[in-house]
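Working notes for the structure below.
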Amino acid sequence: MSWTDERVQRLKELWSQGLSASEIADMLGDITRNAVIGKAHRLGLSGRPSPIKKKPSRGATILALTERMCKWPVGDPKHQDFHFCGKQALPGLPYCAEHAALAYQPSSSSKKARDEDRSSGDRSVGVA
DNA sequence: CCCTGATTCGC
DNA sequence: GCGAATCAGG
């Protein structure tokens with residue numbers, strides 16, 4: 001599949017819209033995200049106002065998150081220290097693996113529930 | 001492990 | 001020029 005003018009147009013359009021390479025690749029079809037990025041780079045793109053919060057000097061996007069960003073409030077919402085985890089959120093969950101584990105902890109869990117049950121439930125005096 | 005974009009290397 | 005591979009990072 002060669003890059004036709006239409007495809008390049010679509011690429012640039014979607015890219016500028018903030019879509020991720022994988023998304024664009026998926027839309028165009030028959031192409032991987034690498035191809036999209038590669039073409040984008042050749043076109044002179046790569047520096048689009050993407051949802052990337054930091055400035056990737058080179059090599060890798062420090063926070064390559066767009067949609068699956070971990071939305072875990074860290075610090076204080078009223079303090080400058082307030083920031084989101086930004087890590088890879090689990091598919092389906094708004095948090096990353098770490099915070100998802102924290103958020104989805106098995107409630108308070110009855111750690112003493114069984115203890116109570118045992119003392120009260122086991123009262124056979126010896127009827128039979 | 002998942003995903004992100006960037007750069008590099010082979011065809 | 002194209003695209004896979006690799007790199008780098010949370």
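Throughout, protein chains are lettered first and strands after them, A, B, ... in sequence-line order, and every chain is numbered starting at 1.
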Looking at A:Ser22, does any N or O in its side chain come under 4.0 Å of the phosphate oxygens OP1/OP2 on B:dT4? yes
Taking OP1 and OP2 of B:dG5, is either one under 4.0 Å from a side-chain nitrogen or oxygen of A:His41? no
4.5 Å side-chain heavy-atom contact, A:Arg33 and A:Asp26: no
Between the CH2 atom in A:Trp15 and the CD atom in A:Glu23, the distance rounded to the nearest 0.5 Å is 11.5 Å
Round to a whole Å and report the spacing from CD1 of A:Ile37 to C1' of B:dC9. 16 Å
Please report the shortest heavy-atom distance between A:Leu14 and A:Met27, naming the atom on each side. CD2-SD, 3.5 Å
Pair A:Ile31, A:Arg7 - check side-chain contact (heavy atoms from CB on, under 4.5 Å), show working. CA-CA 11 Å; A:Ile31 154 166; A:Arg7 280 230 176 175; 4.2 Å; yes
Nearest-0.5 Å distance, CG of residue A:Leu11 to OG1 of residue A:Thr4: 10.5 Å
Atom CD of A:Glu6: over 12 foreign heavy atoms under 6.0 Å: no
Between the protein and nucleotides 3-5 of chain C, are there any N/O to N/O pairs under 3.5 Å, and if so, what are the atom names and distances?
from  : atom 1 : to      : atom 2 : distance (Å)
C:dG3 : OP1    : A:Met1  : O      : 3.0
C:dG3 : OP2    : A:Trp3  : NE1    : 2.4
C:dG3 : N7     : A:Arg42 : NH2    : 2.6
C:dA4 : OP2    : A:Thr32 : OG1    : 2.4
C:dA5 : N7     : A:Asn34 : ND2    : 2.9

By side chain to side chain donor-acceptor pair (under 3.5 Å), A:Ser22 pairs with (sequence neighbours left out) A:Ser20
Expected output is a numbered-order residue list: members of residues 4-14 of chain A with a heavy atom under 4.0 Å from any atom of DNA chain C. What is it? none
Let me know the distance between CD1 of A:Ile24 and C1' of C:dC2, rounded to the nearest Å. 17 Å
So if I apply the side chain to side chain contact (heavy atoms under 4.5 Å, CB included) rule between A:Lys39 and each of A:Ile24, A:Val8, A:Asn34, which one comes out positive? A:Val8
